[in-house]
Number of protein chains: 2
Amino acid sequence: MRLTTKGRYAVTAMLDLALHYKDGPITLADISQRQGISLSYLEQLFSRLRKQELVDSTRGPGGGYRLSRDSHQIAVADVITAVDEKVETTRCGGLSNCQDDEQCLTHDLWTELSTQIHDFLMGISLGNLVERQGVQKVAARQEQAETHFVTTEDAVVNS
Amino acid sequence: MRLTTKGRYAVTAMLDLALHYKDGPITLADISQRQGISLSYLEQLFSRLRKQELVDSTRGPGGGYRLSRDSHQIAVADVITAVDEKVETTRCGGLSNCQDDEQCLTHDLWTELSTQIHDFLMGISLGNLVERQGVQKVAARQEQAETHFVTTEDAVVNS
DNA sequence: AAATACTTGACTAAAATGCTAGGTTTTGTT
DNA sequence: AACAAAACCTAGCATTTTAGTCAAGTATTT
């Protein structure tokens, strides 16, 4: 289990989907604008998310992406592992011949540690995150900014 | 908190130190041979580990590195954060202006998640790892291989 | 003095990151 | 039927990070 910014972007995007679940399919363009992630990068990420069946896609006008199931049924770990390559280029891959045709000292250790982190992140769902104060606060600001962008007449209201 | 192979190498090396604590200062050359990590890379890692005061070094013949304190007092998290740059090149660094001069959706979230993983890895000490079966087993094999290397007359004993 | 141990800095190949550009399909709306 | 909005695909690019290597030191102890 690797923890990089890639997984973070994916979690951000999925969290955006969770927050706007009731608005029907969400376009990547929307997410791109709200979260400041480039459209093409989102396409990359969602290609994987779709293959892992974490999201459903609808093509054509009015289309977009939706969570494939309730936000409480999608763990942060699911999202992160979906976008992470599982290539395991490190020498302790699937095989255990990482050192002199034997198992290196941290082979078991690392997989175990990895498992525990995985389990931990399995315990946190997108639904959990949506319920958090900080997330709600930022989401509210983002929605406000969006409104500003669409209709400019009420731009002074929230200064 | 990032989890990469670099941190893993560091944990492996520190675990080696913990396993050979009673043998006095351990040279990087020893660790390099036992764990199959290049000497120069170890030097890089240990430079950081020393600066974080996780190890004590002794120069000169018979010198080497030792854990700076009991293996139960050194957490896996300590080791990983020591070798990881804290530069935070990602846009959500110390400042919270990651998106439109405001805080991005996962800013708080990610730091919180990161904190929880950190706490989790704080709960696992090198001492804990040493006590594990798998580690003991591999360590025994490594020591055996080492003996083989030094004295060849008893090479047939453990076949 | 010499062996041994550690330090420093420059360099590199490979991979990951994040983006750009330019498509093609699919599908609802006019 | 034509158009436009969206997903979806492919290729490539610039930059950074990773995982090291190499060379030339400095320091300490026997």
Side-chain angles (χ1 to χ4, degrees), chain A residues 2-13 17 23-33 35-66 68 80 83-93 98 104 106, chain B residues 2-13 17 23-33 35-51 55-66 80 83-93 98-99 104:
Chain A
R2 280 165 58 240
L3 292 182
T4 64
T5 52
K6 192 174 196 172
R8 176 174 168 163
Y9 276 111
V11 171
T12 305
L17 278 196
D23 303 345
I26 305 297
T27 69
L28 294 188
D30 283 347
I31 301 177
S32 171
Q33 194 167 27
Q35 308 307 336
I37 306 169
S38 90
L39 183 60
S40 295
Y41 198 39
L42 283 173
E43 281 172 349
Q44 267 184 47
L45 298 177
F46 273 79
S47 170
R48 290 176 181 281
L49 293 170
R50 192 173 61 84
K51 274 167 193 158
Q52 294 301 315
E53 301 188 337
L54 296 178
V55 295
D56 287 336
S57 63
T58 316
R59 306 176 79 149
Y65 287 98
R66 253 172 310 204
S68 66
I80 292 175
V83 297
D84 257 359
E85 314 275 353
K86 60 169 102 318
V87 281
E88 277 288 356
T89 52
T90 56
R91 57 179 178 178
C92 288
C98 24
C104 78
T106 38
Chain B
R2 282 160 56 241
L3 292 183
T4 64
T5 52
K6 191 175 196 172
R8 175 174 168 164
Y9 277 110
V11 172
T12 305
L17 278 196
D23 303 345
I26 305 296
T27 69
L28 293 189
D30 283 347
I31 301 178
S32 172
Q33 194 168 26
Q35 308 307 334
I37 307 169
S38 90
L39 183 59
S40 295
Y41 198 37
L42 282 174
E43 283 169 350
Q44 266 185 47
L45 299 177
F46 273 79
S47 169
R48 290 176 182 281
L49 294 171
R50 195 174 61 85
K51 274 167 193 157
V55 295
D56 287 335
S57 62
T58 316
R59 308 178 80 147
Y65 286 99
R66 252 172 310 201
I80 292 175
V83 298
D84 257 0
E85 314 275 353
K86 58 168 107 316
V87 282
E88 278 287 355
T89 50
T90 56
R91 57 181 179 177
C92 288
C98 23
Q99 187 191 357
C104 77

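Per chain, numbering begins at 1; letters A, B, ... match sequence-line order. Below, all heavy atoms of this structure are taken into account, side chains as well, without hydrogens, waters or symmetry copies.
Regarding contacts with the backbone of C:dT20, every side-chain N or O of A:Y41 stays at 4.0 angstrom or more from both OP1 and OP2.
Atom-to-atom, CG of A:L42 to P of C:dC19 comes out at 9 Å; the value is rounded to the nearest Å. When the C1' atom of D:dA6 is taken as reference, atom CD1 of A:I31 falls 13 Å away, rounded to whole Å. What separates CZ of A:R48 from P of D:dC9 is a distance of 12 Å, to the nearest Å. Summarising the geometry, the separation between NZ on A:K6 and P on D:dT17 is reported as 16 Å, rounded to the nearest angstrom. Rounded to whole Å, atom P of D:dC8 lies 10 Å from atom CG of A:D56.
Evaluation of the salt bridge (charged side-chain N to carboxylate O under 4.0 Å, His left out) test over residues 36-46 of chain A, restricted to residues two or more places apart or in two chains, returns none. Evaluation of the ring-ring contact (aromatic ring centres under 6.0 Å, His included) test over residues 39-61 of chain A, restricted to residues two or more places apart or in two chains, returns A:Y9-A:Y41, A:F46-A:Y65. Residue pairs meeting the salt bridge (charged side-chain N to carboxylate O under 4.0 Å, His left out) criterion with at least one member in residues 49-64 of chain A, sequence neighbours excluded, do not occur.
Listed by chain and residue number, B:R66 satisfy the side chain to side chain donor-acceptor pair (under 3.5 Å) test with B:T58 (two or more places apart in sequence, or in another chain). With sequence neighbours excluded, the residues forming a side chain to side chain donor-acceptor pair (under 3.5 Å) with B:T27 are B:D30, listed by chain and number.
When the nearest nucleotides of DNA chain C are assigned to A:G62 and A:S38 by heavy-atom distance, the more 5′-ward of the two goes with A:S38.
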Along nucleotides 6-11 of chain C, 5' to 3', which nucleotides get a B, which get an S, and which get a -, given that the test is a protein heavy-atom distance under 4.0 Å? BBB---
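Counting heavy atoms from C-beta on, the side chains of A:Q44 and A:V83 never come closer than 4.5 Å.
Taking every side-chain heavy atom of A:T5 into account, C:dG18 is the closest of C:dG18, C:dT4, D:dG20.
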